[in-house]
Amino acid sequence: MTDTEVAPATPAGAIETTRDNRRRAWIVTAMLVAFMMVNFADKAILGLAADPIMKDLGLSATQYGAANSAFFLLFSIFGAVGGILADRVPPRWVLLGMILLWSVSQAPMAFGAGVAMLFASRILLGAAEGPAFPIAQQTTLSWFPDHRRNLPSALITVGTTLGIVIAAPVLTWVVQQHGWRSAFGVVAVAGLLWAAVWAFVGKEGHHAVAADAIGTAAKPGPGTVGYRRILATRSWIGVTAAYASTYWMLALGLVWLPSYLHNGLGYSTTTSANLVAVIWAVNAVALLGQAGLTGWLLRRGVGSRWARARVGGITLLLAAVGCLALSGGQHGPVTVLLLVLGFGICGVMTSIAVTTVAELAPAERRGGSLGLMNAVATVAGLVGPILIGRLVDTQGLAGYRNAVVLSGVLLLLGGLATVTLVDPDRDRRRLAA
């Protein structure tokens with residue numbers, strides 16, 4: 001019997017299946033939002049507890065910056081390896097293994113370890129978290145067609161900001177009431193709870209690469225585009241450069257922003273934590289606004305060169321203006337607005353970079369292309385914290401101001417790269433030729 005012979009029954013089943021798929025798609029997306037929240041709460045601890053950690057462990061600003069940079073020592077390498085691995089192994093198992101390693105890496109610091117273990121645990125945490133963002137994006141995008149990907153991609157990125165928005169006041173309170181070591185225990189338990197739920201609900205969607213009967217990803221055929229060609233496109237180069245400038249800001253925000261607000265601008269510890277939460281909350285709103293605008297433009301036939309690249313590039317240029325104007329170093333309402341402009345909107349480039357590469361790369365190369373982009377861009381996280389720590393040690397308060405000016409220059413370069421180089425439609429056609 002053919003499908004056409006049972007036409008009356010097919011639509012009902014198809015509608016039910018579609019509804020089930022949509023429900024599952026948003027359940028998986030919600031889980032991955034929570035995944036990224038835990039991910040960034042892990043990253044935020046050292047920044048939120050900077051002063052007591054440096055005091056208790058006897059670290060200078062440069063040494064403290066090195067401890068944060070240690071997180072990125074293997075982060076980029078494992079980000080690339082994990083992305084390529086996710087093209088061959090079901091990503092749901094990679095995600096589960098990563099978050100279990102996160103929780104294990106937090107335990108030594110929660111139970112009294114010293115400086116050497118601080119460095120070792122951050123290196124392990126960075127290796128385990130390196131592939132997190134690209135694989136989370138790959139997994140959620142597997143549930144949606146291209147023209148519907150902007151919102152779920154933005155939500156995954158919003159998870160990174162919500163992690164900070166919630167972690168800033170909560171972990172600051174934990175540090176003040178129970179000591180900074182307790183914060184490591186809190187995020188370790190959160191990771192274990194997430195893993196327990198994900199083991200039952202985690203799954204890839206039907207827009208993933210086709211899998212065979214035993215669940216192994218299909219092997220690329222002879223006509224598959226190689227990674228080298230994808231990485232040589234102007235679009236991949238442009239969004240990677242822009243994403244790198246955004247990641248520099250991310251590292252600065254995670255590691256040094258609370259200290260900059262407290263020591264550089266004179267805000268109290270509590271006010272600094274609240275300002276950090278506000279800045280990241282604005283970032284979440286900006287991400288959702290960008291997703292809505294980009295989706296609206298794409299549905300009306302506007303090419304992704306404008307709907308994605310120009311929207312992201314212009315946003316980075318505005319953020320650059322905010323950072324460059326912060327060089328005065330005085331706190332007040334205007335400075336808060338500039339902080340929000342400089343730190344609060346540049347994160348939209350993260351989502352744009354992901355959806356641009358997902359549009360550009362063939363499905364069987366998507367995980368690796370995202371992982372390699374993440375690996376290159378996150379080198380900024382390796383360089384940034386230790387360089388800024390050195391500036392603070394050698395220049396004092398002026399070091400904070402110079403770091404913000406340098407950040408503005410990097411955002412300016414990233415915005416120009418996006419506006420001038422990125423055209424996914426053009427490069428996708430060239431790869432298909």
Side-chain angles (χ1 to χ4, degrees), residues 39-76 102 105-106 108-127 129 163-164 167-168 171-172 174-176 179-187 247-270 272-273 275-276 279 329 343 378-404 406-407:
N39 181 291
F40 271 70
D42 289 345
K43 291 184 177 73
I45 292 177
L46 261 65
L48 294 170
D51 290 339
I53 290 175
M54 285 191 286
K55 180 180 178 180
D56 287 355
L57 299 182
L59 299 174
S60 68
T62 301
Q63 291 170 327
Y64 175 73
N68 281 277
S69 290
F71 173 87
F72 292 97
L73 187 63
L74 297 178
F75 185 91
S76 298
W102 301 356
S105 70
Q106 308 294 334
M109 300 313 301
F111 292 110
V115 175
M117 188 53 69
L118 173 65
F119 278 79
S121 67
R122 299 310 283 182
I123 292 172
L124 175 60
L125 181 64
E129 290 192 353
I164 307 299
L171 293 182
T172 297
V174 170
V175 169
Q176 291 176 339
W180 59 268
R181 294 188 184 277
S182 299
F184 286 91
V186 169
V187 295
Y247 215 90
W248 172 278
M249 295 300 295
L250 174 65
L252 176 59
L254 284 171
V255 178
W256 287 112
L257 182 57
S259 180
Y260 168 53
L261 293 172
H262 178 57
N263 299 317
L265 297 180
Y267 292 104
S268 69
T269 301
T270 301
S272 296
L275 283 174
V276 169
I279 290 168
F343 287 85
T378 54
V379 171
L382 175 64
V383 176
I386 191 169
L387 176 59
I388 295 169
R390 183 63 177 169
L391 288 174
V392 172
D393 270 343
T394 58
Q395 301 177 10
L397 297 182
Y400 288 113
R401 293 194 295 271
N402 291 334
V404 172
L406 176 59
S407 301

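By convention here, the first residue in the shown sequence is residue 1.
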For the residue pair L48 and A168, what are the closest heavy atoms and their distance?
CD1-CA, 3.7 Å
F75 side, atom CZ; R122 side, atom CZ - distance, nearest 0.5 Å
11.0 Å
Could you go step by step and tell me if I388 and W248 meet the side-chain contact (heavy atoms from CB on, under 4.5 Å) rule?
CA-CA 11 Å; I388 295 169; W248 172 278; 4.3 Å; yes
Which atoms form the tightest heavy-atom contact between P385 and A380, and what is the distance?
CD-O, 4.2 Å
Nearest 0.5 Å please: distance from the CG atom of N402 over to the CG atom of L391.
6.5 Å
Has the side chain of S60 got a donor or acceptor atom that lies under 3.5 Å from a matching backbone atom of Q63?
yes
Exam field: side chain R181 to backbone A113, donor-acceptor pair closer than 3.5 Å:
yes
Distance col, row I45:CD1 vs Q106:CD, nearest 0.5 angstrom, shows 5.0 Å
Between T269 and D51, is there a side-chain heavy-atom distance shorter than 4.5 Å?
no
Which pair of non-hydrogen atoms, one from V175 and one from W180, has the smallest distance, and what is that distance?
CG2-CA, 3.9 Å
Is it the case that atom CE in M54 sees more than 12 heavy atoms from other parts of the structure closer than 6.0 Å?
yes
Looking only at heavy atoms, the pair that brings A61 and V392 closest together is CB-CG1, 4.2 Å
Treating T172 as the side-chain partner and A273 as the backbone partner, does any N or O pair qualify as donor plus acceptor under 3.5 Å?
no
What is the distance from atom CD1 of I164 to atom NZ of K43, rounded to the nearest 0.5 Å?
8.5 Å
Passing option when Y400 is tested against L265, L257, L261, N263 for side-chain contact (heavy atoms from CB on, under 4.5 Å)
N263
Pairwise distance CG(L275) to CZ(F343) - rounded to 0.5 angstrom
11.5 Å
Any donor-acceptor N/O pair, S105 side chain to W102 backbone, under 3.5 Å
yes
Distance-only, no hydrogens or angles: does the N68 side chain make a donor-acceptor pair with backbone N or O of V255 under 3.5 Å?
no
Between A70 and I123, which heavy-atom pair has the shortest distance, and what is it?
O-CG1, 3.4 Å
Steps toward side-chain contact (heavy atoms from CB on, under 4.5 Å) verdict (T378, L250)
CA-CA 10 Å; T378 54; L250 174 65; over 6 Å; no
Close side-chain approach of V404 to Y260, heavy-atom, < 4.5 Å:
yes
Between L74 and A127 the two heavy atoms that sit nearest each other are CB-CB, 3.9 Å
Applying side-chain contact (heavy atoms from CB on, under 4.5 Å), run through F71 and D42 and close with a yes or a no.
CA-CA 11 Å; F71 173 87; D42 289 345; over 6 Å; no
